[in-house]
Amino acid sequence: QATNLLFELSRPGRRAHRLDDLDIDSPDVEHLIPDEHRADQPPPLPELAEGDVVRHFVGLSTLNMSVDTHFYPLGSCTMKYNPKRNERLASLPGILDVHPMQSEGTTQGLLALLYDLQNMLAEISGLPGVSLQPAAGAHGELTALLVAAAYFRDSGEDRKIVLTADSAHGTNPASAQMAGFKTKAVKSNADGLVDMDDLRAKLDDQTAVFMLTNPNTLGLFDSQIKEITDLVHQAGALIYLDGANMNAILGITRPGDFGADLMHFNPHKTFSGPHGGGGPGAGPICVRDFLAPYLPSPIVDKDDQGTYRLRRPDSSIGRVRSFFGNVGVLVRAYLYIRTYGGEGLRRVSEDALLGANYLLSKVKHIMDVPHGERCMHEFVASATKLKKQHGLSAMDLAKRILDYGFHAPTVYFPLVVDEAVMIEPTETESKETLDAFAEALFRITEEAGDLVHQAPHTTRISRPDDVTAARRPVLRWQPKSETD
Amino acid sequence: QATNLLFELSRPGRRAHRLDDLDIDSPDVEHLIPDEHRADQPPPLPELAEGDVVRHFVGLSTLNMSVDTHFYPLGSCTMKYNPKRNERLASLPGILDVHPMQSEGTTQGLLALLYDLQNMLAEISGLPGVSLQPAAGAHGELTALLVAAAYFRDSGEDRKIVLTADSAHGTNPASAQMAGFKTKAVKSNADGLVDMDDLRAKLDDQTAVFMLTNPNTLGLFDSQIKEITDLVHQAGALIYLDGANMNAILGITRPGDFGADLMHFNPHKTFSGPHGGGGPGAGPICVRDFLAPYLPSPIVDKDDQGTYRLRRPDSSIGRVRSFFGNVGVLVRAYLYIRTYGGEGLRRVSEDALLGANYLLSKVKHIMDVPHGERCMHEFVASATKLKKQHGLSAMDLAKRILDYGFHAPTVYFPLVVDEAVMIEPTETESKETLDAFAEALFRITEEAGDLVHQAPHTTRISRPDDVTAARRPVLRWQPKSETD
Amino acid sequence: MAYLFHTDADRAQMLASIGADSVQQIIDQQVPQDVQLQRSLNLGDAAGELTLESEMRRLAAQNSSASSHACFLGCGAYDHFIPAAVDEIASRGEYYTSYTPYQAEVSQGNLQVMFEYETLITQITGLAVSNASLYDGGSAATEGVLMALASVRNREKVITSEAVHPEYRDILEAYLKNIGATLVTVPVGDNGDSSAIISAIDEQTACVLIQHPNFLGRLEDVTAIADAAHSKGALLVQSFDPISTGLLKRPGDLGADIAVAEGQCLGNPLQYGGPYLGIMACREDLVRRLPGRIAGQTTDRRGNRCWVLTLQTREQHIRREKATSNICSNQTLLALRATVYLSLLGPEGLRETASHCLRKADYAKRRITASDRFDIVHDGPVFKEFVVRDRSDDVDGLLRHAESQGILAGVALGQFDPSMNDCFLVAVTEKRSRDDIDRLAAVLSDAPCRSAVASA
Amino acid sequence: MAYLFHTDADRAQMLASIGADSVQQIIDQQVPQDVQLQRSLNLGDAAGELTLESEMRRLAAQNSSASSHACFLGCGAYDHFIPAAVDEIASRGEYYTSYTPYQAEVSQGNLQVMFEYETLITQITGLAVSNASLYDGGSAATEGVLMALASVRNREKVITSEAVHPEYRDILEAYLKNIGATLVTVPVGDNGDSSAIISAIDEQTACVLIQHPNFLGRLEDVTAIADAAHSKGALLVQSFDPISTGLLKRPGDLGADIAVAEGQCLGNPLQYGGPYLGIMACREDLVRRLPGRIAGQTTDRRGNRCWVLTLQTREQHIRREKATSNICSNQTLLALRATVYLSLLGPEGLRETASHCLRKADYAKRRITASDRFDIVHDGPVFKEFVVRDRSDDVDGLLRHAESQGILAGVALGQFDPSMNDCFLVAVTEKRSRDDIDRLAAVLSDAPCRSAVASA
């Protein structure tokens, strides 16, 4: 399959897309653009025929694993089945071809959908204020922290510290930093939950927000949750819930009910918007009523006549993105929620729990699972013993499993577990697939030597040299003459 | 990738598609269908989840070579690039969702397109009567022969013999047989063209039609063409042109101009309708004016008011297919012709000739090409010498070339060349691809032994047992209990 | 230009390798001057993608369709729902830009799909063998008759019924005309029973072709006809509705020897009549007369299970004039769609779909006949299609009126049979909502009458 | 249910392996009773595919769109033509159902696309390095400023202009508010020259953010601003229109240090504002401050060229609070579309597209101003967008009237700047036909006036 770069396939004079001759009278380009602005020639893009382009990109696609082709138990990423109906319906011209600057009068259908989605997310989260604007989970975190900052500023409180769990996604501290906060990490205890003593020690009147992931990145629901949220609220701080793991608790428990004040959703995870090779996602946030006035603009309102309107909240932080938000992703989330309905969504989480606990019940006989007999929608195993006894690292395991036709789990995250192997099967994989995956893991533990250390063997490439890539970065193709 | 059959993936109780509850009052099924008609249970179809189904069929697709992924020089099949715009435009709801029994008043756009296509095919063929109804090339042959039979019946002539070339596609004699004719084969001469003596010997007042492929399946344009058609016409018979090779002569010469009376087009070849894994195609036919009254019904006419109407020709043979024809394929043909225009279509054929002659100029140094230094859009090489000298048969060559990432040429056809290897590069492959293919052929001739005899080595399966498949046919999956 | 590759530099190098000055020279060396076209084809200028798309959108907007209108048209082509996964899979280039699997090693995807399709067809027909598909339901019916003629030696009579799709009978007639077979078409009796067909069967009869549910939507007494045919040594060819097998007994269970069908309803779009999917299945002992491609299971040199085209000795590229049929293509892409469709539905989904059609059709009957102007012509059970009589005898005006109100209300039957000039055929699929049906009934009952309602 | 797999039998076996009686028990073992939801979510019933499709079609039909109307709206989102091959490729499951290429061995498709995308972006920007994409043009502009602030130590002033997209400036403000940077926004002078910006730049200035062509369509004097910034030790961040590079000099050629853009125009659908594509490129020496994912070239253990995510030490999952940015996704699917789009266009296609936009915009200007009611506000060159003044001062009425005639005529500028209440912004892409433009002019000139035309 394709290995040549587009640029290497280029031949001067080849063409794919062409426009027909202009059917209007118009001065030449030279008369419309002054010399000082006009380029002598267009950018040196590759020159290709349409057949080249299609074969190239179709060929490249076959070098990817994907949910459509493989089991993809990448922990924390919720790689569930992406419904084809959602792709079809999000592509209706009355959705796909709507311009963001159209007037409200011409977008009532879409605004109705977005309004309903706001309400759905409020119901699922138990938090009434909703902004659909953020473009990704991390963007939602940042937005929520900007909201919190504005709230404290308005309240005249000078709180500059954000607490994060040491098991948190790296985006938590990074988002806090971008929102102008200093961060402190709260330790996990031996059970993988929040260390209450450490929390108490770090919580004070400087604390603005405690960012919490629950269930956390170990796949554990923190049973101390009410105690935690009460403690934080008593200190005058807010609880932010990282919603990356919402797939575990839909209809089972609601962040707003267990004490969260702000949260984001990852619709591309929880509500099966496809991940698109790394994006686009979306990161809508939900907040308590007293925080709603600070949400970014616009949100969708419905007036007395039943007309949908865009509105800027009274004390809005402004905007975090141009236009409304990642509407294409949001439409898919809406369709997903409608497809299941309220009871169905709970069943999603139940099946996610069932699948994860079933796989856990098999994997724990193969490798260590440090934190407990039960998990929510994912669990974290450790290759520490395997590494000591057989020289089999988490990396080896991840690489070798590719040869068995499975995508690898997440490895080396969360940082609180050595040689972490984080497995999230999701609810859309069959028992047969989970059995086959466990069987493959088991077989790998009986393998040894180069078979595992040099794995994968069946893929086009194997163990790329990351170090050289970073030390002497080659970040673009250049014609020979330029690189010489 | 997928090897399990759908039926093996089935688990009782799994479901994908569901309908919501009926929103009407209606008696139960039992009251609407009497017992004697009602099945106790629905057919024993497999039970699968949507994710199963998608992963299964996406996985299977990756086991195919295709034009989108590989060079596919399958002689006589014209595997050219299938334009993506045609797929998009043929899928517009106003085309795709039109019911065949709609009134003319509701289908004027589509009828206008089909009317234009009739005229385009008449212009390209030089034959004014057009039927778009036949569903495939072979169906077009049969339809044209039914037209010829009706014509002779009306003329009171009892002509029961159809002549075919010995190099002809097998469909020619088979179609003749189905139309109630007896067939005789006309030999090829040493140059691969029609043996004029043999033609003269076989031509008499029993001859209804001479079915001719020109350029023929050797990729040769018969330079005797005028002599042939004159001779046949003098005998009171008709010339049928098998249009499989029209990609060679668009705008260069027209069948009507060189003496053909009837012909079919293969729009899925010549006009790049995708081949769809073996279908659908279409087989519109064009005929001389005196044959037009016999065409199948309906054809599209335009009345004085500019309204398009369906019409049954006066002496129509009736129908050869339900409804209008393979409209989806015809729409793509229309779009293809519009995309090139008149001069562009000639360029298509010129580039097809250029590519084929270029590849010929390379291949003739690697293996025998028995018929001449020049070809039209394809040529036939022979592995006879390679087989004698290196034990490398046409089959070995075809199988081994797969390992190099190319689809195989057509082999063992036409029958008039021993160890035939029939190569049609088409105009939508680059010089680089042709060079790489020739290089691969050359390398294979330097290989030997099991490397070629057991090839391919890189594919999921290799050299299936065709003999057992035919002797003890297994034509469906059955549950274990049934097969035991 | 459009999809061409060769640059001027490529052309020069290629011509040099060929040893020709120009492509025109290559042409002149082969195509006699006197047959060369001395002008450009009169087909207009090349149109770019943007131009073509604008034009096609305009042209498509001139057609009504099952998207713009509520569609109650049937007659063998039906507006059933097509799940999105069907389109998603069938639009993969590896399927639609591949060809007939001549090289099994690089066609296992298509071959396995063909084998799965064949199995699914045996499951919905109750017969042992299916081919990999034919052109459409109409030509499949004719191929079924030809196959029966070839299987039952020395008999030339074919019996069919007016209750078989008139277009299918047109095809049959065109094919049979030149090969010396006799076609007997039995009129439909008023009571709709099978006695006329049964009494037409004799010792000269090679086969009987019936349709069940029939062209007018009624259920035939297939078992009785099958028994009668078999007792005279004839074969029964049954054209059936694949969706109906979610509720009705299957052809094989009813005694048919050969089952044929239009497979459009199984996940294939209407597209004004084609490409469609010809389904054909038969008894095991008839397999070597079966036309069209067949995929079968075997093993490769390494012992792996795999699939190949098989029984090719029946086919034209080997047998030439002795082939069982001239057909050398199959409708793989449409068969793929049917395979995905049936996989998504499964037994319960097919039953549910059939049941919705049946019950909505029944509801539509009742709603339409709430108006005095309309009768249902036949008593007795139907599946998803039924004949309505307009007592005002203005079917054409009625249907044009409905079109203008966004409804494709039915197919005028007068075009097939002048005695049914006051009748139209209404088909109801699972896609028609209660609202669609209520609007249909309202539009029909509100339509202006050319004449007063005839007295009852 | 919908996409779930487990049958009752599966459930029983799985629970047995787990050693639990029920899923509820598994929940109870982890989630305290007092936080469990004691009711069902109030989200209505499950909707089947057919139901959902009917509803969505109805809902979509309530929106106007660039399909139903001739669209002259711009402001950073444009109705450019998208070749069908872009959709075909991006709809392959291997692309859209995969995730961030954490395992390079099974992600070479996405990684190579990212590397090709980055190269193409360097080609259209004239800068040395590109990341693999950001959220959208607006957040990219802000990330560009943050990057400049981090690169130029100890300066906190950011200068921008009112001629930068107002929404982009809103984002910038929201981000800068909490991190102690000072934002200075320079008004647009009547003559549109760059003197105001240039004179605002001082030794405290970390960077200048401009847009060229600017929000009102005009061309800025980028080189002069770049020189001024550089002479004071500040960086220039330029937001540009990727399509314009078919004709205009590129940001890197003009002296920009960091280029950002909205990449929607490169083959991505409008979809009411997102998801879109944030483009960002910079000078080589700034690479370690570049936010977002970056793919780089390397070799594997067998010595084969391949691609990996690289420079990850900048990223949040390693650096956490010391990361250059919190962004951990990129818009791969949209970057793929842009990559395919630019590959299909090539240099000549991009020039042709830019040239059609330019010349059609010029034609539209002349047609619109044929009516006395309308002025073009600015002299001087524009690319594809320009400001029209309605001398009758009834922009809202005008635009509503045009909507009713099937035309989305422009964006009212009063919503951004009350002083431009009588102005609207018109964008013309290559998709607008002569007929579209003529209709636009006719509809505008025929629109009813709220008041008489003000005297000139």
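Reckoned from all heavy atoms, side chains included, excluding hydrogens, waters and symmetry mates. All figures in this text were calculated on a predicted structure; none of them were measured in a lab. Chain naming here is simple, since letters A, B, ... match the order of the sequence lines and numbering starts at 1 in each.
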When the 4.5 angstrom heavy-atom criterion is applied to C:D10 and chain A, the contacting part is side chain
Heavy-atom proximity to chain A below 4.5 Å, by part of C:A2
backbone
May I ask you to check whether over 12 heavy atoms, not counting those of [X], lie within 6.0 Å of atom [atom1]?
| X | atom1 | answer |
| --- | --- | --- |
| A:D28 | CG | yes |
| C:D438 | CG | yes |
| C:Q405 | CD | yes |
| A:Q41 | CD | no |

Side-chain donor/acceptor of A:D20 to backbone N/O of C:A47, under 3.5 Å
no
Structural part of [X] lying under 4.5 Å from a heavy atom of chain C:
| X | result |
| --- | --- |
| A:N86 | neither |
| A:R88 | side chain |
| A:P83 | neither |

Residues of residues 81-88 of chain C under 4.5 Å from chain A (heavy atom pairs)?
C:F81, C:I82, C:P83, C:A84, C:A85, C:D87, C:E88
Step by step, would you call A:K84 with C:I89 a side-chain contact (heavy atoms from CB on, under 4.5 Å)?
CA-CA 10 Å; A:K84 303 312 167 195; C:I89 289 164; over 6 Å; no
Would a 4.5 Å heavy-atom cut-off, applied to side chains only, mark C:T7 and A:E47 as touching?
no
Closest non-hydrogen atom pair, A:A49 against C:L4
CB-O, 3.8 Å
What's the separation between atom CG in A:L48 and atom CZ in C:F5, rounded to the nearest 0.5 Å?
8.5 Å
